[in-house]
Amino acid sequence: MKPSYYITTTLPYVNAEPHIGTALEFVQADVLARFHRLRGEDVVFNTGTDEHGLKIWKQAVLAGMDPKAYCDQFASKFHGLKETLALSYTHFIRTTDPHHVTAAQEFWKRCDANGDIYKARYVVKYCVGCELEKTESELVDGRCPIHPSLEIERRDEENYFFRWSKYQRALLTHYDAHPDFVMPKRRFHEIRTFVEDGLQDFSISRLTDKMPWGIPVPGDDAHVMYVWFDALVNYVSTLGWPSPGDFERFWPGVQIAGKDNLRQQSAMWQAMLASAGLPLSKQIFIHGFITADGQKMSKSLGNVVNPYDLVARYGTDAVRYFLLGGIPSSEDGDFSTAHFEELYTSKLVNGTGNLAARVTAMIEKFAGGAVPEMADDRFATPQFWKTYTDALDSYRFDETVRALERYVASMNQAIDVEAPFKKAKDGADVGPFMAQLAEALRHVGIALLPLVPATAEQILRQLSVDPGSVRIPEATAWGMLPAGHRVVKGDILFPRLPS
RNA sequence: CGCGGGAUAGAGCAGUUGGCAGCUCGCCAGGCCCAUAACCUGGAGGUCGCCGGUUCGAGUCCGGCUCCCGCAACCA
């Protein structure tokens, strides 16, 4: 049986337009999914939408819509990213899916059976003007910023709580036994310190008569689950849990999440798994945020970067390339049109795109459009693959891209040193060098497959290589391109931007 | 003493275990003419936020300080 690999994104809350940060997480996950498929693994790649909770319910009521119907319009918006960003996810779960609902209830029952759920009084701060609960962080000087003339009321209600505190020791033990549990390292230290400082049980239900849009708590119709509890369960419900099958085959899996999700994913969810008697996640990768022109993206500033707009303007692969190579993979990064266009022109138009045209054109001109007899590797190709693979295995997508850029640069350099266009005029044999270039371009094409799949396939087809037949590591050996393979100069890969 | 991040060439950034300060863009000067006016070579440009310490040697380690930015758990 093939090895299995499971990667999942967090589920974006459906009540928002997809923005470039969502796209970053999706693309990073997609690269891993594609890379592991190339390695011959059976891959489950999960994403979806988180659809319960107060905000959705409130907005649906305002729009005079049924909450589910309201979610439907948004869910399709996120689903549309699949084509726009060339995502290869295999599972798209919505937390309103019937199976997820029953799975979340089963999960609750297991935690309850383990003695980890109890009822307690829960004090909320409530703004009568908004008719909404408010958190401390939403208040300004203890007052609702929207209704500053009204006093915030304190309201008591009975809620269910999850015994998070009970798992402090278990979490720390697990962290210590798995020093790569959370990547990068500094996030791991951050969560470890947080757990070490002590955990407070958290509320996991809401009163149905105040907010009915949630999964009913098993055996108590007066409550629905707090959206966090329900949403986290998606990582296993999507695999069919509690049925064994795919769950046993693919869980535990790799999770990818933003820095705002560090606690929920690597401490809350892990304690929940332990409580339900399930294995903890395999690894969690935390990425940063993308700012726009140096500022945090927000609706009020009007600087939200929409991935659909970017793709419409620059193309899918250009956007993917920027997300992977244009910003630090695990730190905050900045988006600006100038930065994006600089990268596009210097690396895609002048770099990879031009190189592919250069090499294929030369082989047509100087080698009759066919690969000559193969010659030795002059590009340190094995070292390139090692850097490339190590970088991907440690979620350094930016380093992966840089390795590729260096490889491309070394090819341009070699062309200049070798000057085959001169030698050909002098009647010298440039065949061996043409073979080296064709072969090196094949490696570029393969390495691009997980990153910018459409471009990669175009390059490989120009070399008459079937992209579907590529397997790693077999295909990374030097000299796999057979002599006589037809080479055709194709269309321009990346058109120059209008100046 | 709430948690975390940042401060490196004009701009944007890399610098893994301490060992001659790098990359991209831009600028200047050459080369080449196969390629998407692309490519290659060389050059100018930095007291690596400030102060002190460890060391033969610190952007990198330790202590202190200044400034900027996120987050602060029941914001989904």
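Of the listed nucleotides (B/rA73, B/rA14, B/rC33), B/rC33 has the atom at the smallest distance from the side chain of A/K422. The nucleotide whose nearest atom lies closest to any side-chain atom of A/K55 is, among B/rC34, B/rU24, B/rA76, B/rA76. Proximity note for A/E190 (side chain, C-beta onward) versus B/rC74, B/rC3, B/rA76: the nearest is B/rC3. Among the nucleotides B/rG5, B/rC74, B/rA73, the one closest to the side chain of A/Y226 is B/rC74.
Counting only Watson-Crick and G-U wobble pairs whose two key distances fall under 3.5 Å, RNA chain B forms stems of three or more stacked pairs at B:2-7 with B:66-71, B:10-13 with B:22-25, B:27-31 with B:39-43, B:49-53 with B:61-65.
A/D332 has its CG atom 8 Å from the C1' atom of B/rG5, to the nearest Å. Remark: C1' of B/rU24 and CG of A/D398 are 14 Å apart, rounded to the nearest angstrom. At whole-Å resolution of the value, CG in A/D197 and P in B/rA73 are 14 Å apart. Taking atom CD1 on A/I191 and atom C1' on B/rC71, their separation rounds to 13 Å, with Å as the unit. Here the C1' atom of nucleotide B/rG4 and the CG atom of A/L262 are 10 Å apart, to the nearest Å. In this structure, A/R406 atom CZ and B/rG15 atom C1' are separated by 12 Å, rounded to whole Å. For A/M434 and B/rC34, the CE to C1' distance is 8 Å, given to the nearest whole Å. Regarding A/E399, its CD atom lies at a distance of 12 Å from the P atom of B/rU16, rounded to whole Å.
A salt bridge does not link A/R402 to A/E405: none of the charged nitrogens lies less than 4.0 Å from a carboxylate oxygen. Ion pairing between a basic and an acidic side chain is recognised when a charged N comes within 4.0 Å of a carboxylate O; A/D201 and A/K166 show no such pairing. Taking the charged nitrogens against the carboxylate oxygens, A/K489 and A/E364 have no contact shorter than 4.0 Å, which rules out a salt bridge.
Between B/rG18 and B/rC75, the distance separating the two P atoms is 43 Å to the nearest Å. Look at the C1' atom in both B/rG46 and B/rG10: the space between them is 11 Å, to the nearest Å. Spacing between B/rA11 and B/rG49 at atom P, rounded to whole Å, works out to 14 Å. When the C1' atom is used for both B/rC48 and B/rG15, the distance is 11 Å, rounded to whole Å. Between B/rG4 and B/rG22, the two P atoms lie 33 Å apart (nearest whole Å). Between the P atoms of B/rG5 and B/rU47, the separation comes to 27 Å (whole Å). B/rU54 and B/rA14: their C1' atoms are spaced 27 Å apart (whole Å). The C1' atoms of B/rG19 and B/rA9 are separated by 23 Å, rounded to the nearest whole Å.
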Handout entry: salt bridge (Lys or Arg N to Asp or Glu O under 4.0 Å) assessment of A/R378 paired with A/E418
Key = CA-CA 12 Å; A/R378 63 183 285 161; A/E418 210 63 31; 3.1 Å; yes
Exercise for the section: Go through the steps to decide whether A/N234 and A/T95 satisfy the test side-chain hydrogen bond (donor to acceptor under 3.5 Å, both in side chains), and finish with yes or no. Expected result: CA-CA 7 Å; A/N234 93 83; A/T95 56; over 6 Å; no
Exercise for the section: At under 4.0 Å between heavy atoms, which parts of nucleotides 35-45 of chain B does protein reach? Answer with one letter per nucleotide, 5' to 3': B base, S sugar-phosphate only, - none. Expected result: BB-SSSS----
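Evaluation of the side-chain hydrogen bond (donor to acceptor under 3.5 Å, both in side chains) rule for A/S394 yields A/R396 as partners, not counting sequence neighbours.
Each of A/H339 and A/E331 was matched to the nucleotide of RNA chain B holding its nearest heavy atom; the match closer to the 5' end belongs to A/E331. Between A/G333 and A/N159, the one whose closest nucleotide on RNA chain B sits nearer the 5' end is A/G333.
Taking the six-membered ring for Trp and the full ring otherwise, A/Y407 and A/Y388 have centroids separated by 6.0 Å or more. Aromatic ring centres of A/H443 and A/F379: separated by at least 6.0 Å. Proximity of the aromatic rings of A/Y70 and A/F74 is defined here by a centroid distance below 6.0 angstrom, and this criterion is met. In this structure, A/F107 has its ring center closer than 6.0 angstrom to the ring center of A/W269.
Within 4.0 Å of A/G198, counting heavy atoms only, lies at least one base atom of the nucleic acid. A/W57 comes within 4.0 angstrom of no nucleic acid atom, judged by non-hydrogen atoms across all strands. No engagement by A/P12 is indicated, since no non-hydrogen atom pair under 4.0 Å with the nucleic acid exists.
Checking A/N412 against A/R358 by side-chain atom types alone, a donor-acceptor pair falls below 3.5 Å.
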